[in-house]
Amino acid sequence: MSARRRHDREFVRTFFTSPTAVEGEDDSAKMIRSAAQLQGMQAPDVWVPDNEDATAPSMRDEGADNIVEVVSEHGADFPGEIHPRIVWHRDSPETRYRCFQHLLRIADPEKGAIEHIDGFVIPEVGGIDDWKKADEFITIVENEYGLEEGSLAMSVIVESAAAELAMGDLREEMGKPDNNLERLFLLVNGEVDYTKDMRAMTPTGGLPPWAELRHNTSRGASAAGLIAVDGPYDDIRDVEGYNERMEDNRAKGMIGIWSLTPGQVVEANKAPLPPETGRWLLDTGDGTTELESEDGTQFYDGERIGLDETETGYSLRVGGDERDLGEDELREELLDMTEYVPSMDDIVDSMEEFEAAKEAGTGAISMTQTATVVIDGIEIDISKDRMWDEATYQAAMTPVSLFQDVYENRPDQREALAELYGESVVERAMNVG
């Protein structure tokens, strides 16, 4: 069981950064001015006016002023949360002092921005004592301006080995009377600086996949009741790779990802939502392929798998391996080779059926999924049974909880969700659980 979450959002899909000041432009704030007006699926769950790496050091004082100007003007209408990223460094008192000055500048209530700001993102943190320093600065600023203590969230970017190890201390440290670390919201991976800190090398000079860091961040977030977010995916044209990264992350419990463009925001906003329609997958021995559905029948159209009828049954070819099978043996083989990806409607159907059974006093029920698979013109009926109990129900609840969280917190996306699933499915999904 995850720790209790302390913020309004249970899930964050998108963490979108924008430079706060662009040198050489008539309007140096044009990037954040544009981002502040995003709506619908183009608008992130968390928008991060980035006054650190995305903004040149010489422009950061102007960037802090730009945050105040733009957020005070557009913050009330922005549909997601706003968390500016400001400078910090575990090894630099001078940088930390500059952070404090920017906090004071941005949070001044007389300037009108802080009422629309949900928190701040702190980069380059080290051990847990360093996290406490950042927390103390925010606490001082809250007291300086008469803001409720703990009202400003703090998110940290994990981009050092010391910060990675510090995540293991959070459960013990949060809630102690000498800190306000309950304000923590997001744990965000920063793989580029983490690679530098670890002195890691790859033959191409590219980033290692850092699967361990992503797992550790997700685990640390779950244990402390926080939300984990993966770092930026720099190849902004590689939509397929971005989606593969997100799919791998979701298997680790990491729903959120950094977005660098509105196009990536749209992909990341949609990717974790349950699919509109269900689909069958077939293991071809060197990967999986999606079967083509037509009138409820699933067709395989590829060269790697072949099926022929013989005098005694069937001959099934997978790659270079060919076997003679009876009808029941073939059916069992296809059951092992296929998987079903349920749609939102499928998930809600199953949950409603289990809820009705539980209310009637039944603790576990069997759910059946059937399909007709066609390979080389030969039809084989398969049927999969899955036992549903309370644990299965709770696991199925995760994507539905995500949907419910989005629907409740992002009214600007409700029309798109209704178009995707249909009003009836949306209403039922909001009522289960």
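Hydrogens, waters and symmetry mates play no part in the numbers below; they use all other heavy atoms, side chains included.
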Ring pair (Phe, Tyr, Trp, His ring centres under 6.0 Å) pairs, two or more places apart, involving residues 222-242: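 Every ring pair (Phe, Tyr, Trp, His ring centres under 6.0 Å) pair that includes a residue of residues 222-242, provided the two are not neighbours, is Tyr233-Tyr242.
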Are there more than 12 heavy atoms of other residues, nucleotides or ligands under 6.0 Å from atom [atom1] of [X]?
| X | atom1 | result |
| --- | --- | --- |
| Glu390 | CD | yes |
| Asp238 | CG | yes |
| Gln37 | CD | yes |

Does a side-chain N-to-carboxylate-O contact under 4.0 Å join [X] and [Y]?
| X | Y | result |
| --- | --- | --- |
| Arg245 | Asp248 | no |
| Asp197 | Arg90 | yes |
| Arg183 | Glu142 | yes |
| Lys132 | Glu173 | yes |
| Arg237 | Glu267 | no |

Qualifying residues under ring pair (Phe, Tyr, Trp, His ring centres under 6.0 Å), relative to Trp131, sequence neighbours excluded: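 Applying ring pair (Phe, Tyr, Trp, His ring centres under 6.0 Å) to Trp131 gives none.
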For Thr289, what residues pass the side-chain contact (heavy atoms from CB on, under 4.5 Å) criterion, not counting sequence neighbours?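 Counting only residues at least two positions away or on another chain, Thr289 forms a side-chain contact (heavy atoms from CB on, under 4.5 Å) with Leu282, Thr284, Tyr300.
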For Phe354 and Gly363, which heavy atoms make the closest approach, and how far apart are they?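 Looking at all heavy atoms of both residues, the shortest contact is CE1-O, 3.6 Å.
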Could you check whether any side-chain N or O of His74 sits under 3.5 Å from a backbone N or O of Glu69, counting only pairs where one atom can act as donor and the other as acceptor?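 No.
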Geometric cation-pi criterion, Arg96 with Phe137: 6.0 Å, 45°: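 Not flagged: Arg96 not positioned over aromatic ring of Phe137.
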Relative to Tyr393, does Lys358 satisfy both conditions: NZ or CZ under 6.0 angstrom from the six-membered ring centre, and within 45 degrees of the ring's axis?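 Yes; both conditions hold, so Lys358 lies above the ring face of Tyr393.
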Does the ring centre of Phe15 sit less than 6.0 Å away from the ring centre of His83?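 His83 vs Phe15: aromatic centres not under 6.0 Å.
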